[in-house]
Amino acid sequence: MRLGNRWYKSGVTILNQLIDGLADDSTSTSSALRKFLVVGSRLKSETIKEWVQRELNGLGELPLEEYPSYRGPLKAPVEAMFTGPYGSWQKHFISREVVPDDGGFRSAHFDVYFNESLAELEHLAQSEGDPRQAWPTLAVARLEQWSQEGRAPRVEMHGIHSVEKIVTRPMLHGVIDAVRNKALMLALDLQASFPDAGEIGGPTVQNKEVGNVVKYSFQTNFYGGTNTVGQGENVTQNVTVGQGETVTQHVTVNQGDSDALMFALEKLGLALEDRTALSEALEQDGNKPGNAVKDFLGKLAAGAVKVAGAVASEPAIAAVKMAITGFTGIPVP
């Protein structure tokens with residue numbers, strides 16, 4: 001099979017090997033991701049390389065607010081041990097709702113963040129019992145004080161001896177699977193548009209289209225559900241597409257950058273023929289929101305032009321207008 005100026009045997013590209021490994025449960029996620037590091041290096045994508053290295057080596061001192069959502073905060077079961085006279089003891093699960101939230105106490109002691117390497121998470125997920133994280137002594141003492149004051153759960157004639165967060169194995173598998181699925185999604189997106197991505201001499205993120213695929217994947221799938229294209233005029237809108245599915249679109253389109261505009265409209269759900277029609281309307285109006293663009297927007301509002309195969313909602317129409325505003329530099333009413 002010939003791709004550009006290179007020849008490849010069908011099925012032996014590094015992307016195919018990567019996808020096969022990610023789809024095969026017998027291959028560990030950490031092993032598969034090492035191949036993704038090769039892809040990221042050949043794509044010259046610091047974004048991919050940094051993400052893979054953090055997943056393989058752990059997140060270290062990365063601030064919690066910069067964690068991917070699948071690594072936290074995640075809500076964990078919390079179990080307290082109450083001890084009483086004659087060596088008696090009882091264990092009870094306590095929910096965050098029955099504990100005061102003074103100074104963010106609930107999120108600090110009921111939520112879990114995973115900064116471990118993938119290999120460590122995989123090892124923990126294979127353990128016989130659910131791993132546990134003990135509360136700090138000061139947190140236990142504070143809960144005991146609230147318990148005595150009647151502000152937290154209390155057992156008659158017992159005090160709180162210790163408290164633990166339970167990191168369930170299904171929770172660990174969920175984190176690992178999230179990494180695996182997101183890597184697979186990006187690999188499939190790259191393969192669909194650039195089958196030679198990751199090959200020696202193949203395309204890199206310096207190609208705008210390749211860069212947009214990587215950027216879109218990370219900002220929609222890896223770090224919290226946003227879509228940022230290009231670097232210029234910021235256009236932000238909550239969009240409802242399809243049958244009531246709500247997504248948050250943060251679309252950034254450089255003024256005059258038609259490629260970024262078309263990519264943003266594609267991700268908003270406009271079909272190719274409709275994107276082409278809008279491009280022609282903009283060209284007819286001299287890249288300004290003139291009569292041809294207004295006619296297109298009228299069809300969009302009337303349902304003649306669909307968004308994600310459905311009649312466009314008002315937020316979706318507003319998002320399209322904002323994308324046009326970013327491209328033209330002129331607000332679309």
Side-chain angles (χ1 to χ4, degrees), residues 25 28-30 54-182 221-225 246 248:
D25 288 341
S28 71
T29 303
S30 53
R54 281 177 174 167
E55 295 297 342
L56 291 177
N57 301 325
L59 274 55
E61 301 301 319
L62 187 71
L64 294 179
E65 60 269 17
E66 296 182 23
Y67 275 40
S69 57
Y70 54 83
R71 277 187 174 262
L74 302 175
K75 293 177 173 57
V78 170
E79 187 176 55
M81 174 183 281
F82 296 81
T83 57
Y86 308 109
S88 63
W89 58 270
Q90 301 178 31
K91 285 189 174 183
H92 296 279
F93 287 101
I94 57 175
S95 64
R96 61 197 298 140
E97 291 78 15
V98 299
V99 172
D101 196 26
D102 297 4
F105 188 88
R106 292 176 182 172
S107 60
H109 301 295
F110 284 80
D111 291 342
V112 175
Y113 292 84
F114 294 99
N115 70 346
E116 295 86 354
S117 69
L118 267 178
E120 291 177 274
L121 294 178
E122 288 170 330
H123 176 74
L124 289 172
Q126 294 169 1
S127 59
E128 292 185 3
D130 292 329
R132 292 171 174 252
Q133 295 179 356
W135 276 21
T137 302
L138 289 178
V140 175
R142 196 172 186 188
L143 185 63
E144 165 65 11
Q145 179 184 344
W146 287 336
S147 176
Q148 296 302 321
E149 295 171 352
R151 301 175 64 197
R154 184 171 181 268
V155 176
E156 190 68 27
M157 298 181 64
H158 286 64
I160 299 176
H161 175 268
S162 61
V163 185
E164 294 176 321
K165 285 186 282 192
I166 302 174
V167 182
T168 66
R169 282 166 293 174
M171 184 185 298
L172 289 163
H173 283 295
V175 176
I176 297 165
D177 283 349
V179 175
R180 192 182 194 96
N181 292 339
K182 291 175 189 302
N221 300 321
F222 291 72
Y223 290 101
T246 300
T248 300

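What's counted below: heavy atoms across the whole structure, side chains too, no hydrogens, waters or symmetry copies.
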Residue list, salt bridge (charged side-chain N to carboxylate O under 4.0 Å, His left out) with [X], at least two apart or on another chain:
X    : result
D102 : R151
D111 : R96
R71  : E55
E156 : R154

Of all residues at least two apart in sequence or in a different chain, which pass the side-chain hydrogen bond (donor to acceptor under 3.5 Å, both in side chains) check with [X]?
X    : result
R132 : E79, E164
S107 : none
R106 : none
S147 : none

For the residue pair [X] and [Y], what are the closest heavy atoms and their distance?
X    : Y    : result
V163 : A80  : CG2-CB, 4.0 Å
P131 : L124 : CG-CD2, 4.0 Å
P153 : F82  : O-CE2, 3.9 Å
P77  : F93  : CB-CE2, 4.2 Å
F105 : P100 : CB-O, 3.8 Å

Point-to-point distance, once rounded to the nearest 0.5 Å, from [atom1] of [X] to [atom2] of [Y]:
X    : Y    : atom1 : atom2 : value
D101 : F110 : CG    : CZ    : 9.5 Å
D130 : L172 : CG    : CG    : 8.0 Å
K75  : M171 : NZ    : CE    : 10.5 Å

| query | More than 12 foreign heavy atoms under 6.0 Å from CD of E65: is that the case here? | reply |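 Enclosed: over 12 neighbouring heavy atoms sit under 6.0 Å from CD of E65.
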| Taking C-beta and beyond as the side chain, do L121 and T29 meet within less than 4.5 Å on heavy atoms? | no
| request: Ignoring hydrogens and angles, tell me if any N or O in the side chain of E120 forms a donor-acceptor pair with the backbone of S117 under 3.5 Å. | output: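 Checking the backbone N and O of S117 against the side chain of E120, a donor-acceptor pair under 3.5 Å is found.
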Sequence neighbours excluded and cut-off under 3.5 Å, please list the side-chain donor-acceptor pairs for residues 138-146, or say none.
{"from": "E144", "atom 1": "OE1", "to": "I160", "atom 2": "N", "distance (Å)": "2.7"}
{"from": "E144", "atom 1": "OE2", "to": "Q148", "atom 2": "NE2", "distance (Å)": "2.8"}
{"from": "Q145", "atom 1": "NE2", "to": "E149", "atom 2": "OE2", "distance (Å)": "3.1"}

Please tabulate, for the side chains in residues 84-91, all donor-acceptor contacts under 3.5 angstrom to protein atoms that are two or more places apart in sequence or on a different chain.
{"from": "S88", "atom 1": "OG", "to": "P85", "atom 2": "O", "distance (Å)": "2.9"}
{"from": "S88", "atom 1": "OG", "to": "H158", "atom 2": "NE2", "distance (Å)": "3.2"}
{"from": "Q90", "atom 1": "OE1", "to": "H92", "atom 2": "NE2", "distance (Å)": "2.8"}

| request: On the 0 to 90° scale, with breaks at 30° and 60°, tag the H109-W135 ring pair as parallel, tilted or perpendicular. | output: tilted
| request: Not counting sequence neighbours, which residues clear side chain to side chain contact (heavy atoms under 4.5 Å, CB included) with T137? List them please. | output: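 Side chain to side chain contact (heavy atoms under 4.5 Å, CB included) check on T137 returns nothing, list empty.
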| Residues two or more places apart in sequence or in another chain: which of them pass side chain to side chain contact (heavy atoms under 4.5 Å, CB included) with N115? |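 Side chain to side chain contact (heavy atoms under 4.5 Å, CB included) check on N115 returns L59, Y67.
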